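Naming: A, B, ... by sequence-line order, numbering from 1 per chain. This one's a predicted model, so the numbers in the text were calculated from it and none came from an experiment.
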2 protein chains.
Amino acid sequence: MEEGLRERKKRETRRRIADMAMGLFMTKGFDNVTVAEVARAADVSVNTVFNYFGTKEDLFLDREQELQESYDRVVRERAPGESVVEAFRRDYFAAMDAGDWRYGFNEGADVFSRLIMESPSLRARAREIDHLITMSLAATLAEETGADPDDLAPELVAGQILGLTRVVSRHLLRRTTAGEGRREALAALREQARAAFDRLESGIGGYGRRPVE
Amino acid sequence: MEEGLRERKKRETRRRIADMAMGLFMTKGFDNVTVAEVARAADVSVNTVFNYFGTKEDLFLDREQELQESYDRVVRERAPGESVVEAFRRDYFAAMDAGDWRYGFNEGADVFSRLIMESPSLRARAREIDHLITMSLAATLAEETGADPDDLAPELVAGQILGLTRVVSRHLLRRTTAGEGRREALAALREQARAAFDRLESGIGGYGRRPVE
DNA sequence: CCCTAAATTTGGAGGCGATGAAAAATGATC
DNA sequence: GATCATTTTTCATCGCCTCCAAATTTAGGG
């Protein structure tokens with residue numbers, strides 16, 4: 001009894017709902033699709049949709065929660081002699097080469113991101129998830145470094161690192177959206193990511209220093 | 001015709017709605033107050049409430065938008081020879097001494113913050129405002145430093161600085177909520193804020209470096 | 001097979017935030 | 001005081017979401 005009929009049907013229903021929803025969102029935009037519409041397309045009742053997904057937003061941002069585990073692993077599996085930032089730098093550049101979806105480097109990530117940007121409720125939910133992921137990473141950092149519970153460093157470091165990846169990846173979206181070829185945009189991004197990580201490592205103490213008159 | 005009766009009444013109505021709303025929110029919690037309730041308390045119709053405030057959340061977070069201008073000024077009015085981070089450090093510590101509400105140092109900021117934390121929709125809206133403020137600060141930084149439009153430094157620096165203030169200020173809330181006296185909590189916070197700004201200036205390049213085996 | 005217990009799905013009623021349009025009230029203007 | 005513009009109200013409606021009870025489906029044992 002590895003997997004009963006019940007379990008399989010549940011998994012299938014969940015997937016059918018999510019797939020139908022994504023299809024509708026992609027073609028019509030998130031706010032122009034009602035939950036009733038999704039339910040009809042998936043051939044279930046509205047209540048069943050809310051049975052599997054807490055909110056309409058979760059229909060769209062289903063996979064985002066997996067990121068949490070991914071980032072935690074980057075820290076935990078960093079190499080001997082490697083700092084946390086170095087580990088993320090390595091992970092980020094590897095993701096660029098591999099077209100990893102975690103940082104928005106996959107084909108079609110632009111459509112996905114644009115849909116989020118265009119919907120206030122999706123933006124809000126995405127930010128909430130970002131925050132949860134940051135807190136999770138902070139907890140992992142605190143555990144890995146044996147930090148004091150009152151030490152703010154883990155939370156600050158987590159915020160700075162993830163903030164960096166989000167800003168840099170968002171810039172890629174801006175460029176491709178502006179019509180620039182994906183190839184050139186990625187090449188330019190590599191340089192900007194390098195500079196960003198460098199600045200993160202060496203600090204921004206002198207940034208924008210006003211000259212003495 | 002400095003100010004007609006019309007203008008005055010509008011201002012009064014707006015204020016009455018905001019005040020009544022805040023009073024209800026404080027005593028019953030944000031999610032336990034309906035817009036209809038606010039309207040009744042302010043003696044207007046529901047539509048009038050939405051006439052003055054775009055959403056229910058804006059009833060609560062009315063003043064937050066002023067922060068934008070405030071942070072921009074910190075950058076623009078930094079002293080000769082002073083870097084951006086130094087200017088914010090100075091502003092932040094001055095605010096601590098003055099009990100400034102901008103960073104949550106005023107009396108009663110804890111109640112305010114707790115209400116935000118406890119309501120998902122308020123949290124979401126607060127984060128959206130945070131993001132807008134960060135983007136505004138980034139634009140100011142770009143202008144002040146004459147940065148290239150493709151330079152990500154302004155956005156990254158803005159995010160790091162404001163992220164720092166939010167994390168540190170949130171820690172004060174955690175401490176006072178835990179029962180610690182405001183006096184001691186503030187004293188401890190000073191040291192933590194100093195460490196946080198130092199780390200921001202000098203970078204986190206070596207953070208969490210795993211020892212070579 | 002049949003029966004029962006448990007899980008899943010459904011329908012219906014309703015609350016709440018938000019929008020839109022037309023009617024009513026109020027202030028401004030001449 | 002009549003007229004015009006603005007503001008407020010009323011009324012209708014939509015969409016997300018919750019709660020509850022009834023109906024359906026599956027699991028497991030006789």
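For B:Glu64, there are no salt bridge (Lys or Arg N to Asp or Glu O under 4.0 Å) partners two or more places apart in sequence or in a different chain. Applying the side-chain contact (heavy atoms from CB on, under 4.5 Å) rule to B:Ser169 yields the partners B:Tyr92, B:Tyr103, B:Phe105; only residues at least two apart in sequence or on another chain are considered. The ring-ring contact (aromatic ring centres under 6.0 Å, His included) search around A:Tyr52 returns none, not counting sequence neighbours. Residues satisfying the side-chain contact (heavy atoms from CB on, under 4.5 Å) criterion with A:Asn106, sequence neighbours excluded, are A:Trp101, A:Ala109. For the side-chain contact (heavy atoms from CB on, under 4.5 Å) test, residues two or more places apart in sequence or in another chain that qualify with B:Arg8 are B:Glu3, B:Leu5, B:Arg11, B:Glu12. Shown here are the side-chain contact (heavy atoms from CB on, under 4.5 Å) partners of A:Glu180, two or more places apart in sequence or in another chain: A:Arg175, A:Glu184, A:Ala185.
Following rounding to the nearest Å, B:Arg14 (CZ) and D:dT7 (C1') show an atom-to-atom distance of 15 Å. Rounded to whole Å, the distance from CG on A:Asp31 to P on C:dG17 is 19 Å. Residue A:Arg6 contributes atom CZ, which lies 6 Å from atom P of C:dT8 at whole-angstrom precision. In this entry the distance linking CD of A:Glu12 with P of C:dT8 reads 15 Å, nearest Å. Rounding to whole angstrom units, CZ of residue B:Arg8 and P of D:dT7 are separated by 15 Å. Between the C1' atom of D:dC20 and the CZ atom of A:Phe50 lies a distance of 17 Å, rounded to the nearest Å.
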side-chain contact (heavy atoms from CB on, under 4.5 Å) assessment of A:Phe93 paired with A:Arg190: CA-CA 8 Å; A:Phe93 276 89; A:Arg190 231 174 283 268; 3.4 Å; yes
Per-nucleotide protein contact string for nucleotides 9-16 of chain C (B base, S sugar-phosphate only, - none; heavy atom under 4.0 Å): BBBB---S
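Within the structure, every pair that satisfies the side chain to side chain donor-acceptor pair (under 3.5 Å) test and touches residues 21-30 of chain B, not counting sequence neighbours, is listed here: B:Lys28-B:Glu37.
Within residues 117-128 of chain B, no residue places a heavy atom under 4.0 Å from DNA chain C.
Nucleic acid contact class of A:Glu37 (heavy atoms, under 4.0 Å, all strands): none.
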